[in-house]
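What follows is a short report on a single structure.
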Amino acid sequence: MRAPPTGDHPAPPARHARVRGRRGVAAAVLAGALALAAGCAAAQAPLPEQPSYAGGRARIGLALSGGGARGISHIGVIKVLEELRVPVDYVAATSMGSIVGGFYASGMNAAEMEREVRAIDWSRMFSDSPPRADLPVREKDYQAIYPLPVEIGFSDGSFKLFKGAISGANLELWLHQRLIAADDLGSYDELAVPFRAVATDMVSGKEVVFDRGPLYQAIRASMSVQGLFAPFESGGRVYGDGGLVNNLPVDVVKKMGADIVIAVNIGTPLMTREQLTSVIGFATQSLNILTERNVRASLARLRPDDVLISPDLGAMTSFDFGQSEKLIALGEAAARAASGPLRRLALTDDAYAAYQASRRRPLDVVALPIDRVRVEGTKLVDPVAIAEVVAPDVGRPLDLARLDEQIGDLYGWSDFERIEYRIIDERGRRDLVLDVTEKSWGPNFLRFGLQLASDLQGEAGFNLIVGHKRTWLNRWGAEWINEASLGSRRQLATEFYQPVGVRLGPFVSAYGFARQEPGYVFAGDQRIAEYDITTTGGGLDAGWALGRWAELRAGLRYERLSAAPTVALTLFDPVRVDDGGLSVRIRYDRLSDPFYPREGTRVVGEVFQGVASLSDGEAVTRFRAESLTAFPIGEKSALLVGLRAAASNRDSVEFARDFQLGGLFNLSGLRSNQLAGNYLGFGRLVYRQHMGALPFLGRAWYVGASLEAGNVWRERADASVSDLVKAGSVFLTADTYLGPFYFAWGKASGGQSSWYVYLGRP
């Protein structure tokens, strides 16, 4: 795939330079002192005249290594090259270096790249979904129930695993929006600076050098970091990260025609003995060893004329993407330490101005209108439904930012592995072609959730949740969803969900469930009875998906509750309650995260009107509503405000009361569901402070505290603000890959207190 340019460019004499971090600074100071001393003893010789840009100067190649977030330091190096007027004639890069190198080769300067990097939302970049606030409500619920980042597919009689932690969808969209003008180049030699990206053929294990094709795809293939991104597939080949075979592509840039190489090595250093404490650590070290070995081979190819820059990045890791400002500064410092040898490569002001003019090729996105949207590659998903998402842009110039949002909406359906787009001009008509790849491990998907809870007072619970979803049963996008829960709460549930005509709009739903779980009756904080509760029910709804943020549904609902005492005095009788009637429910959810939101609001409300003929003679009227709003405080803190109100006119036995309070964040300090009644009022404030990352185990950990007040009442006349129970908690929590983990202590008015351990949402 290589197409190196030809040409004979004699190299001027130059001194070999290898500069590393602060050592380079010391060397530069020493060299300056010696030069000053020599100047005192003899007359200063004039500097050699810099050859003109059009003359026979040496051609300079830039080799940029991979290294994850550490690669952001390449921008600082390029910033200094521009300041010193050092021209770059060829660029070869690997992994993260290919992003910086590809942007630079396309015409961006260091300042533009720095602005791009500072504006990136890295949490979204390393995700396959649009921001959670913009997901359909049903998908929000699905993510909250099944937080484990594992999805297993089932098709053709076999189970299939998803291909990687991240498919790179958002990264590809971001790259394509900025590099779309390079889609149709015959060769990367046509860029402002000729460019090559290095990847690994994961079948043969051989190096692949991309020299043509859509530029964003070459970059994406080059940085398919194992375990982080899924391999990149194109043309029947599977590509992995280029760092496996050539992390510092000195040989590649030499073959392109470079006489002198500026090599920037930011590879991750090997871990120490003390750092090798886990299986993940050993796996990471294995990759680092492979990378380090090929980097040493590349360094051995450098000649005395070449310049090696190795920024002293210290403890900065491959995952420190939030430290872009510091990384750029460290790259800049290392390049300034190499200013001596770099100045010998500099052009005069006029020559460099001519060089800059020659490489400033603007990325031109043709502003002609799109005439038609075509969808290719579908198997189950209706292509008409896909085209409807981007149809509003037909007849208008292509808006890349809006197109990215629309493709993000399509990813929110959770049906696609990849979505690419291209523009084709045929016979005077301009088509926007969407190339979609449905998840190869579908259309049956299994997801998993895990729940653990203990109040360290003898009450503990464990649940393993398995969810099944079968998508696109018909051209209108019908889904069949099933859930099985095993543990202290045993449940089977199923739903058939049928959109009517469009994906976000009217729908009908039929559902049923059977659940068995323990229930307790308390006198104060003491359990006085334990029941085995079985609840069965189902319903039929019609509703409307109100865009991506809300859902309204109404229908007929029936439930039967049967409770048999298992540990109780003889005065506790079995209970049976039948409720049948009309239900109206609304959900609105724009929280930024299901467990640790920093902004947004979620509102859930239901009104149920029982029908005597479908109930046990008691036509219950029931209302409940709750809200949660998150407010960011600075960059690392958040305040959650939660409210809940509920009422029921049930006039039944003690155990059948509809609403309960007690447990962490629900009057902390009390036992779980200690209070029960027909009327409920509750409010809480939860403060959460981000403390740092959680390497290998999850995303982050936090500390926080809560203030709560509320109560439940048997009769409406009993409800009183003066009767509220006050409570609070302090907690440590971690956003782990298994779900949220909490270790907390709570205390309620009256002196009751409790410790809590949770895995899952309290």
Side-chain angles (χ1 to χ4, degrees), residues 1-2 63-68 71 92-99 101-102 125-126 128 149-153 155 158-172 175-176 188 195-249 251-252 267-268 279-280 282-298 318-319 377 416-420 435-442:
M1 299 181 67
R2 301 175 185 170
L64 303 178
S65 78
T94 298
S95 197
M96 186 66 189
S98 69
I99 292 185
M125 196 61 60
F126 296 109
D128 290 334
V150 175
E151 185 176 68
I152 297 177
S155 63
S158 62
F159 290 97
K160 302 177 181 178
L161 285 173
F162 70 120
K163 295 183 179 180
I166 303 168
S167 74
N170 285 329
L171 175 63
E172 286 187 41
L175 290 171
H176 198 186
Y188 295 160
F195 174 72
R196 301 292 185 267
V198 178
T200 303
D201 187 313
M202 296 304 290
V203 176
S204 68
K206 295 181 179 179
E207 172 184 323
V208 178
V209 178
F210 284 91
D211 64 354
R212 65 191 68 242
L215 181 57
Y216 81 97
Q217 291 185 358
I219 294 172
R220 168 64 180 86
S222 179
M223 60 174 304
S224 299
V225 182
Q226 285 67 31
L228 178 61
F229 288 113
F232 182 83
E233 298 184 30
S234 180
R237 301 178 72 177
V238 181
Y239 301 103
D241 192 272
L244 294 174
V245 291
N246 195 349
N247 200 49
L248 183 62
D251 60 329
V252 176
T268 304
V279 173
I280 296 175
F282 279 103
T284 302
Q285 184 78 326
S286 299
L287 293 175
N288 290 344
I289 291 171
L290 287 174
T291 301
E292 182 67 16
R293 182 174 298 175
N294 69 61
V295 166
R296 289 175 182 172
S298 294
S318 300
F319 300 98
F416 304 108
E417 191 173 333
R418 284 177 64 194
I419 303 174
E420 299 174 325
D435 294 306
V436 304
T437 303
E438 297 173 13
K439 288 182 176 178
S440 57
W441 55 95

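The model shown is predicted, which means the values in this text are computed figures rather than measured ones. Nothing fancy with the numbering, it's 1 onward along the sequence.
- Using a 4.5 Å cut-off on side-chain heavy atoms (C-beta onward), D201 and V238 make no contact.
- The closest donor-acceptor contact from the side chain of E417 to the backbone of S440 lies under 3.5 Å.
- Atom-to-atom distance recorded for E233:CD and T437:OG1 is 8.5 Å, nearest 0.5 angstrom.
- One N or O on the side chain of S204 and one on the backbone of K206 form a donor-acceptor pair closer than 3.5 Å.
- Between the side chain of Y188 and the backbone N or O of G102 there is no donor-acceptor pair closer than 3.5 Å.
- No side-chain heavy atom of L244 sits under 4.5 Å from any side-chain heavy atom of E207.
- Within the model, atoms CZ of F210 and CG of L215 stand 11.0 Å from one another, a figure rounded to the nearest 0.5 Å.
- With hydrogens and angles disregarded, a donor-acceptor distance shorter than 3.5 Å links the side chain of N294 to the backbone of G243.
- Side chain of S98 to main chain of S222: no donor-acceptor pair is present (N/O by atom type, distance under 3.5 Å, no hydrogens or angles).
- Taken to the nearest 0.5 Å, the OH atom of Y239 stands 10.5 Å off from the OG atom of S224.
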message = Quick one, E151 with W441, criterion side-chain contact (heavy atoms from CB on, under 4.5 Å). Give me CA distance, side-chain angles, the key distance, then yes/no.
response = CA-CA 9 Å; E151 185 176 68; W441 55 95; 2.8 Å; yes
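- Judged by distance alone, the side chain of T200 and the main-chain N or O of D241 form a donor-acceptor pair under 3.5 Å.
- Among residues two or more places apart in sequence or in another chain, the side-chain hydrogen bond (donor to acceptor under 3.5 Å, both in side chains) test is passed with S155 by K160.
- A donor-acceptor pair is defined here as one N or O able to donate and one able to accept, closer than 3.5 Å; no such pair exists between the side chain of T94 and the backbone of V198.
- Of the possible donor and acceptor atoms, one in the side chain of N247 sits under 3.5 Å from a partner among the backbone N and O of G66.
- Between L175 and I99, some side-chain heavy-atom pair lies under the 4.5 Å cut-off.
- A salt bridge between E172 and R220 is present, with a side-chain N of the basic residue lying under 4.0 Å from a carboxylate O of the acidic one.
- Applying the side-chain hydrogen bond (donor to acceptor under 3.5 Å, both in side chains) rule to Q217 yields the partners E420; only residues at least two apart in sequence or on another chain are considered.
- Y216 pairs by the ring-ring contact (aromatic ring centres under 6.0 Å, His included) definition with H176, not counting sequence neighbours.
- Distance OG/S95 to CD1/I219: 11.0 Å, rounded to 0.5 Å.
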